[in-house]
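Following: one structure in structure tokens, then a few remarks.
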2 protein chains.
Amino acid sequence: MRSGQPITYPGTNERSAGGGRPTSRREEILTAAGALFAESGYHATSVRDIAGRVGVQAASLYAHMQSKEELLFAIVDRVADEFVTAIVPIAADHARPAAIRLRAALRRHLEVVARNLPTATVYFHDWRSCDPARRAAIVQKRDTYEAAWRSIIADGMAGGELAPGDPKIAALTWLSTANWFATWYRPEGALDPGALADNFADLLLKGLMSR
Amino acid sequence: MRSGQPITYPGTNERSAGGGRPTSRREEILTAAGALFAESGYHATSVRDIAGRVGVQAASLYAHMQSKEELLFAIVDRVADEFVTAIVPIAADHARPAAIRLRAALRRHLEVVARNLPTATVYFHDWRSCDPARRAAIVQKRDTYEAAWRSIIADGMAGGELAPGDPKIAALTWLSTANWFATWYRPEGALDPGALADNFADLLLKGLMSR
DNA sequence: CCTACCGATCGGTAGG
DNA sequence: CCTACCGATCGGTAGG
């Protein structure tokens, strides 16, 4: 064995040397873990379960992750970022009517969930299992996200476009519909996320009573 | 030791012999388990954690339960029954306006959650960890509950009181608000469950747009 | 990437 | 209700 060279074992690298897909082993592990956590929950999934789905031994995963919990955080944090990224431009777009912005925000939210169904499920279900410091970072992103919703509603109320009221309570009806979506949505359903978002936005904006 | 008599060890009975509170040891265990499952999740809570909160050894719990999973089911099933019991009379009350019935159903739902906050949290979060046969019973009760909501909405749409539409989609906005409530409600908040239900019902019936 | 292995902890049982 | 204990499994490390 040569000395002075870092010792590398097969597959220890971030990307496989074979130049096939650009998806790194780390991404494969995140996908496998996301699917398993979504199916059974974080605590009911073992490191060996994840390894089995990836097709390696449990110990081999530790070349690509610090711990099982770090894996959970990576999944949850990425989804949190997707939500924030989706709403930031809508929250900044003060020129358009609040109703249009709320409709767009709901659509983007449902699309983020649908596009990341396993990991979005983990985000809502298992974020509490992150260790305290990391959990605080998640809570901060969630707070940022919810504040953006409230600000859109507050804009609409201030301009008289929306009925006066407490933006916090109003935002909760939108966020409830948006967040609960991850618990029941299945891609096999008749309506796609965009159509569902439009239906929900109509109901939330106009109400269920006939006029 | 006399033979022909069942051997009983202290505390093995369903109710303590001391005639104090009518709360049985079994109820104590359910309360302790409910609190711990709500705090950390079913799989992250050990039988020893539950025993520690009750103040006995882990092995002693098995005089009052078949298994940890049976305890989970007992908690979840009871909450499922509370929801069904709350909505049955409202769903049967075809004479009153749908808007009034929806408002009542939402209020009852939020009150069930608030009155059983730890166990309602477990109901929504950990029902999937029940074993398959028992989980099916829970799903059936949940389906019954959701069907009752849809029937109230269908009544209102058929009578022209509510705007025409898909009762399933409309029910989802109410159920989302109702079910998501368990994730954020804290009794220290400014509004009680009844006031919150009224605010949410106003928004869902009349919509967020000003008229 | 693997084999081999660690101490800790798990749900649950035996038996009185 | 307890003590004593079981086999299984856990997340993770050593070392190549």
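So that the names make sense, note that chain A is the first sequence line, chain B the second, and so on, each numbered from 1.
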Let me know the distance between [atom1] of [X] and [atom2] of [N], rounded to the nearest Å.
| X | N | atom1 | atom2 | value |
| --- | --- | --- | --- | --- |
| Lys68(A) | dA8(C) | NZ | C1' | 15 Å |
| Asp49(B) | dA8(C) | CG | P | 17 Å |
| Glu70(B) | dT13(C) | CD | C1' | 17 Å |
| Leu71(B) | dC10(C) | CG | C1' | 16 Å |
| Gln66(B) | dG11(C) | CD | P | 17 Å |

Straight-line distance of [X] [atom1] to [Y] [atom2], nearest 0.5 Å:
| X | Y | atom1 | atom2 | result |
| --- | --- | --- | --- | --- |
| Thr45(A) | Arg53(A) | OG1 | CZ | 9.5 Å |
| Arg128(B) | Tyr42(B) | CZ | OH | 15.5 Å |
| Glu146(A) | Arg150(A) | CD | CZ | 6.0 Å |

(message) Consider side-chain hydrogen bond (donor to acceptor under 3.5 Å, both in side chains). Of His109(B), Arg108(B), Arg115(B), which one does Glu82(B) pass it with?
(response) Arg115(B)

(message) Walk me through whether Ser46(A) and Asp49(A) qualify under side chain to side chain donor-acceptor pair (under 3.5 Å).
(response) CA-CA 5 Å; Ser46(A) 70; Asp49(A) 291 334; 3.2 Å; yes

(message) Please verify the inter-ring angle class for Trp149(A) with Trp174(A); under 30° counts as parallel, over 60° as perpendicular, anything in between as tilted.
(response) tilted

(message) Over 60° means perpendicular and under 30° means parallel, so tell me whether Phe200(A) and Trp184(A) are parallel, tilted or perpendicular.
(response) perpendicular

Give a yes or no on whether [X] atom [atom1] has more than 12 heavy-atom contacts from other residues, nucleotides or ligands under 6.0 Å away.
| X | atom1 | result |
| --- | --- | --- |
| Glu27(A) | CD | yes |
| Glu69(B) | CD | yes |
| Lys206(B) | NZ | no |

(message) Centre-to-centre under 6.0 Å for His125(A) and Phe37(A), is that the case here?
(response) no

(request) Give, ordered by number, those residues of residues 30-48 of chain A having at least one heavy-atom distance below 4.0 Å to an atom of DNA chain C; if nothing qualifies, reply none. (result) none

(message) Heavy atoms within less than 4.0 Å of DNA chain C: which residues of residues 51-62 of chain B have one? Give them sorted by number.
(response) Ala59(B), Tyr62(B)

(message) Please convert DNA chain D into dot-bracket. A pair counts if it is Watson-Crick or G-U wobble with both distances under 3.5 Å; crossing pairs go in [ ] and bases paired with another strand get |.
(response) ||||||||||||||||

